[in-house]
Amino acid sequence: MSKIFVPAKPSIYTETLDSLTARFKESGLPAFRATQVMEWLYGKRVDTFDAMTNVPVDLRNWLKTNYVIMPCESIHVHKSGDVTEKILFQLEDKQLIETVLIRYPQEGVGLEHSRKTVCISTQVGCAYACKFCASGLNGWKRDLLAAEIIAQLMHICRMEALGSQRNDGIPFDNIVVMGMGEPLSNYENVLHALTTLNADWGLKFGSRRITVSTSGLAPQIIRLSEEPVQFRLAISLHGATDEVRNQIMPINKRYPLDVLIPAVKQFTEKHGRMITLEFILIEDVNDSFDQAEKLGEIAADLHAHVNLIPYNTVEGLAWKRPNIRRQQKFADVVRSAGASVTIRKEKGDDISAACGQLKLRKENEIESLKANDLLTEA
Ligand code: SAH
């Protein structure tokens with residue numbers, strides 16, 4: 001797919017320490033300044049060049065001429081209870097994306113100090129058209145640039161800075177790449193962004209705390225297993241046989257289970273860490289005990305953890321989740337096949353549900369944002 005967006009001015013988040021150093025050298029600027037600029041961006045997390053007070057004014061002006069810092073603007077925050085916050089960003093070309101911050105209330109500590117996960121988007125829309133997912137309802141618009149992915153996290157760093165208890169000052173504990181889009185179909189930009197977040201000169205965020213979720217792009221899973229930086233992997237399985245998976249995930253026709261499972265196996269063997277199989281439970285679609293048994297066998301074979309997610313209603317779709325008893329029985333069958341399994345609790349802190357519900361705003365919501373001057377005309 002090739003709808004490539006070229007911004008008027010690139011974001012400096014696009015640069016690595018090496019590329020910025022090279023650029024500085026070309027322009028006759030001292031190389032050590034590149035390290036200094038990175039420290040301002042990812043250590044102090046500033047969002048203006050003028051805040052870089054130990055950088056000479058001439059260089060700040062040079063930076064301003066050549067770059068912006070934030071390639072997007074946060075225009076709306078939608079809170080659901082006090083555990084989930086969805087941040088709506090407007091990109092330079094007026095496209096909209098969302099990022100979700102999920103807090104896990106813990107006993108004895110205020111909510112601002114609770115554990116937090118950030119769910120990021122990687123594309124505007126999604127081309128994969130999984131039948132149960134809201135993100136693909138309006139199709140695919142474009143891939144996000146690496147800087148647009150990094151910016152989602154840097155914004156949250158600034159937004160939540162005061163509540164952080166961690167000694168690295170990063171106000172969240174995990175990143176899940178489970179927002180809008182299929183991360184492995186925007187492979188280069190996603191990898192570039194995650195590598196920057198992990199780098200010593202970048203945010204220094206541990207790669208084991210970053211999970212990439214995919215609908216099952218087998219060749220890219222193999223490619224990911226060969227990367228020098230190893231991220232965690234989650235597979236959106238949702239069907240334990242081709243027959244069921246074909247009905248709800250068109251990608252299965254391209255990479256059926258006998259192609260997908262060996263790719264995941266290769267990843268696990270190379271990686272040595274447990275992966276997660278996500279399985280949304282939809283009544284009368286994939287919740288038979290036969291599916292549970294097959295899912296258990298696949299998971300046991302892959303030494304994978306199974307995460308059962310009771311289906312969240314999507315407007316316009318008639319499906320519903322099975323009742324609690326059925327969910328538990330399904331889990332029991334998976335467990336008895338030798339796999340470890342959990343059922344997502346039914347709360348606002350349901351990461352996958354919160355992320356899976358991301359989509360371009362409904363028309364009436366957009367109208368009301370516009371009416372309140374929160375949104376400029378697309
Ligand atoms: N394209 C990637 C990343 C998107 S995350 C992928 O498919 O993995 C998609 C996740 O959102 C799914 O695994 C599922 O866990 C969740 N999801 C999507 N629609 C949902 C729904 N209606 N109810 C509950 N979870 C949903």
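Bear in mind that the values here come from a model prediction, so they are computed numbers and not experimental data. All ligand and atom numbering here is 1-based and tracks the order in the structure.
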| said: When you group the ILVMFWY residues by side-chain heavy-atom contacts below 4.5 Å and let the links chain together, are Leu217 and Leu257 in the same group? | reply: yes
Requested in this report: Could you establish whether Cys126 and ligand 1 come within less than 4.0 Å of each other, counting only heavy atoms on the residue side?
Outcome: no
If we number the atoms of ligand 1 from 1 as shown, the ones under 4.0 Å from a heavy atom of Met178 are 4 (C), 5 (S)
Ligand 1 atoms nearer than 4.0 angstrom to some heavy atom of Ile309 are 15 (O), 24 (C), 25 (N)
Please confirm whether Gly181 approaches ligand 1 to less than 4.0 Å, judged on its heavy atoms.
yes
Note: heavy atom closest to atom 4 (C) of ligand 1, options Ser121, Ser185, Gly179, Pro183, belongs to Gly179
Assigning hydrophobic clusters by single linkage (Ile, Leu, Val, Met, Phe, Trp, Tyr; side-chain heavy-atom cutoff under 4.5 Å), is Ile69 placed with Trp40?
yes
Is it true that the side chains of Asn186 and Asn189 contain a donor and an acceptor less than 3.5 Å apart?
-> yes
Under 4.0 Å between heavy atoms, the region of Glu278 that gets near ligand 1 turns out to be side chain
Contact (N/O only, under 3.5 Å) between Phe132 and ligand 1: yes
Check whether the side chains of Glu182 and Thr122 place a donor and an acceptor atom closer than 3.5 Å, and report yes or no. no
Checking heavy atoms under 4.0 Å, the part of Val314 that sits near ligand 1 is side chain
| field | Cation over ring face, Arg45 and Tyr42, 6.0 Å, 45° | value | no
Under 4.0 Å between heavy atoms, the region of Thr214 that gets near ligand 1 turns out to be backbone
Atoms of ligand 1 under 4.0 Å from any heavy atom of Ser236, numbered from 1 in the order shown, are 6 (C), 7 (O), 8 (O), 12 (C), 13 (O)
Worksheet item: Are Thr14 and Ser11 linked by a side-chain donor-acceptor pair shorter than 3.5 Å?
Response: no
Worksheet item: Does Tyr311 reach ligand 1 with a nitrogen or oxygen that is under 3.5 Å from one of the ligand's nitrogen or oxygen atoms?
Response: no
Taking only non-hydrogen atoms of Cys133 and a 4.0 Å limit, the atoms of ligand 1 in range are 18 (C), 19 (N)
*Would a distance-only check, ignoring hydrogens and angles, find a side-chain to backbone donor-acceptor pair under 3.5 Å from Asp173 to Lys116?*
yes
Quick check on Met180 - does any of its heavy atoms sit under 4.0 Å from an atom of ligand 1?
no
Regarding Arg23 and Asn66, do their side chains bring together a donor and an acceptor under 3.5 Å, going by distance alone? yes
In ligand 1, the atoms that come under 4.0 Å of a heavy atom of Ser215 are 6 (C), 7 (O), 8 (O)
Notebook entry, point to check: Looking at Phe330, is Arg325 sitting on its ring face, NZ or CZ under 6.0 Å from the six-membered ring centre and within 45 degrees of the normal?
Noted result: no
